[in-house]
Amino acid sequence: MSESFDLSAFDESPGAVPHVEASRPEPPYLAELNGAQREAVEATEGPVLVLAGAGTGKTRALTTRLAHILRLGLARPGEVLAVTFTNKASREMKGRVEDLLQRPVESLWLGTFHAMGARILRRHAELAGLTANFTILDTDDQIRLLKQVIEAARIDEKKWPARNLAALVGRWKDRGVGPRQAGSDNAGDFAFGKGASLYAAYQERLKSLNAVDFGDLLLHCLAIFGNHADVLAAYQRRFRYILVDEYQDANVAQYLWLRLLARAHHNICCVGDDDQSIYGWRGAEVGNILRFEKDFEGARVIRLEQNYRSTPHILAAAAGLITNNAGRLGKTLWTEALEGERLQVRGVWDGEAEARFVGEEIEALRSQGHSLNEMVILVRAVFQMREFEERFLTLGLPYRVVGGLRFYERREIRDAVAYFRAVAQPADDLAIERIVNVPRRGIGSTTVQAMHRLARARDLSLVQAAEELVMTEELRAQARRALSNFLTRLDRWRVEKTRLPHVEFAEFVLDDSGYTAMWRNDKSPDAPGKLENLKELVAAMDEFENLEEFLEHVSLVMENEDSGTGDKVNLMTLHGAKGLEFDTVFLPGWEEGVFPNQRSLDEGGSNALEEERRLGHVGLTRARRRIRLSFAASRRVYNQWQSSIPSRFIDELPKDSIEYTSEPGLYEGRRTRTLQEDHVSRFDVSERPSTGRRRNRHGRAATSGGLVLEGRAEVVDARESAGVFRVGARVFHQKFGYGHVLSVDGNRLQVAFDKAGTKRIIDSFVEAA
DNA sequence: TAGGGAATATTTTTT
DNA sequence: ATATTCCCTA
């Protein structure tokens, strides 16, 4: 990790590499591979493209290849570059390589594109106009900064929101387009063509803050490689072997980065699956995979098609779906597995019924001895998760949300990190701005604005400006005192940073600033959790050498903590599921508009539809044994009921591999006639007399009382039939937990919650406990 | 300056 | 419907 940059070190001849192991008999790991996998491992020299379908052992081939290269002594660990897209994937790869070699492997260049970009950039920061301790901004900081840039240009931020500009800049960066080239690029339709100049201004601001955003990690590398041939040459010589996972997800910037680095040795091996390209929206170019053979002459293409994961029915379903896409490289997955169950496709009335169905299925499987860890619910979008969470809570079914909001994105963590940044990096205005009045210390927006004005006028950092400001008469006495106190504190922290070990320093700053006290005094129900998270953050710091290393980790790697190790059902998005596998996969919400997602279709046309289909393909191929797919006839969106029609993707699944098990009554007795006929009319809500009433169900029905749903008794839940709660009744609330009713006034309850204090609640938000 | 209340957007996916 | 952000008043 801490090797210093030294050009001469790159030139060591491979003769220094020990060849002892090469003469040994065939390593045992090769025997475990099939022919194609083995070919992918042993073809170490020259460009190789491995087209690997889902479940064909692609990660195994890639990790074995890496281990093989090291074992044969073809390169030393420091001479291999292995890039992945996620931190998880790189952790896994490292672990598996070490398992194969049966020893720890250090100094490999193994990590995400962004982490590797950051590593290179830190060594040459000055070539990009930065210093080595530059800050990596996350999306949130980025948007706040862009907002300032927009306002500085006297553009109405309301008409031209910073997030739109962030998206535009992001797209430029994905394509490797710097602010200069952006001008000639016609995509600059932000604020009447001011996009490119705002982009330039933003880059200037970043430089003056000694900061970069995610895209810059690669873009700056590209610029350095372009302007400093010696630096590029050194890396080209260094990386004797390059391995790339999930190549179909590479954007243009990443592609250019790889192409430059691979130019000396051409020993590049990319593994990918064009059918699993699901990140087009953030700049991934399937085209990269298609042109590999052109870019690297004499490239060898190896196909991995034997699937070790799923049953034939599942593979048939996946194939049936994906063949509807045009322009594939084309692979045919096959398996030796036994036939297994057919896919269950179930139509339900609404989202609630869907959650109920999934819950029942899970409980049934569990009672047959299946582990919850082996079940997953894959949704298209996070908002779909809520219904399942609610259902699982009432059932008492343990679950974990994978992905959700990441640890680092939580407010308390961002605040704490901002404190550390403010101390460690004097020019980090964004960090200062974030914490200057958190907790409240009487430094309000008037004061901050004054700081900004002075900083801009004299080209100072915010802290420098503040230091000047307290010397003047500009602020009122009260504000001046407050600001001066803050500056004194900040100074003190800077001193402590050099004296204390970083963990103690962190504790000290959080306490001394009053930040922990702020949460301790906070009565809200999630305050204790925030304190927990802060503790966790500080504890996590222990694993790092110093504060700087920790800050790097936090911006690039920090993920949400493992949500427990127990036996739990998994809940995640389809995107989040890539690379994972489960015995049982639930695929809810296969309706037009939800999946394929309407917004996605609106933005991207037929390309987007194909990407949605690939997403479906990813979902289906996660399953080893069984799939339960469902769609609802109507769903509550915002506060309105919306009818929906089954996803066109359902029609694309081969009939022989499917079994329909829709809810009784849903098709008015015609449910054996199926989904292949015109489904629009079947789901036209106007045909369903109960619709109007259902619409009321979550609105006024509870108060008007006495509604009887003819023939639909099963959907009337306990809450309504019970009418009102009595004083003293135990109740449960989604957010506040358990409590008892203090008073009742129509549908309004006053509830004393065990943890969250006393609240006034509408009765429909609690349920009997 | 702080705090409450109104107005506003949110719901695609993320390194 | 809910969460955040913004604006106004005390």
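As the structure is a computational prediction, the values presented were derived from the model and not from experiment. To find a chain, count down the sequence lines: A is the first, B the second, and so on, and within it residues start at 1.
- Under a 4.0 Å N-O distance rule, the pair A/Glu611/A/Arg614 qualifies as a salt bridge.
- In this structure, A/Thr86 does not reach the B/dT14 phosphate: none of its side-chain N or O atoms is under 4.0 Å from OP1 or OP2.
- Contact check, A/Lys147 against C/dC6: a side-chain N or O comes under 4.0 Å of OP1 or OP2.
- Here the separation of B/dT13 from C/dT4, taken at their P atoms, is 15 Å to the nearest Å.
- At whole-Å resolution of the value, CZ in A/Arg411 and P in C/dT4 are 9 Å apart.
- Checking A/Arg613 against A/Asn325 by side-chain atom types alone, a donor-acceptor pair falls below 3.5 Å.
- Note on A/Thr447: a side-chain N or O is less than 4.0 Å away from OP1 or OP2 of B/dT1.
- At whole-Å resolution of the value, CD in A/Glu389 and C1' in C/dT2 are 15 Å apart.
- Residue A/Leu615 contributes atom CG, which lies 14 Å from atom P of B/dT12 at whole-angstrom precision.
- In this entry the distance linking CD of A/Gln449 with C1' of C/dC7 reads 14 Å, nearest Å.
- One can place CG of A/Asp213 at 19 Å from P of B/dT14, the figure rounded to the nearest angstrom.
- Each of A/Arg282 and A/Val448 was assigned the nucleotide of DNA chain B with the nearest heavy atom; the assignment lying further toward the 5' end belongs to A/Val448.
- Here A/Ser445 does not reach the OP1 or OP2 of C/dC7: none of its side-chain N or O atoms lies under 4.0 Å away.
- In this structure, A/Tyr279 places its OH atom 7 Å from C1' of B/dT13, rounding to the nearest Å.
- In this model, the phosphate group of B/dA2 is approached by a side-chain N or O of A/Asn437 to a distance below 4.0 Å at OP1 or OP2.
- For A/Gln598 and B/dT12, the CD to C1' distance is 12 Å, given to the nearest whole Å.
- No more than 12 heavy-atom neighbours from other residues, nucleotides or ligands sit within 6.0 angstrom of CD on A/Gln478.
- A/Phe214 qualifies as a stacking partner of the B/dT15 base, centre to centre under 5.5 Å and near-parallel within 30°.
- Regarding contacts with the backbone of B/dA9, every side-chain N or O of A/Arg163 stays at 4.0 angstrom or more from both OP1 and OP2.
- With hydrogens and angles ignored, no donor-acceptor pair under 3.5 angstrom links the side chain of A/Trp281 to the base of B/dT12.
- A donor-acceptor contact closer than 3.5 angstrom is absent between the side chains of A/Gln384 and A/Glu354.
- The interatomic distance linking A/Arg144 (CZ) with C/dC6 (P) rounds to 12 Å, in whole Å.
- Between A/Arg480 and A/Glu473 a salt bridge is recorded (basic side-chain N to carboxylate O distance below 4.0 Å).
- The pair A/Asp245-A/Lys58 meets the salt-bridge criterion, since a charged nitrogen lies less than 4.0 angstrom from a carboxylate oxygen.
- Mapping A/Arg599 and A/Ile443 onto DNA chain B via the closest heavy atom, the residue that lands nearer the 5' end is A/Ile443.
- The listed nucleotides are B/dA2, B/dT13, B/dT11; the one nearest the side chain of A/Phe383 is B/dT11.
- Side-chain proximity of A/Thr112 to the nucleotides B/dT13, B/dT1, B/dT15 is greatest for B/dT15.
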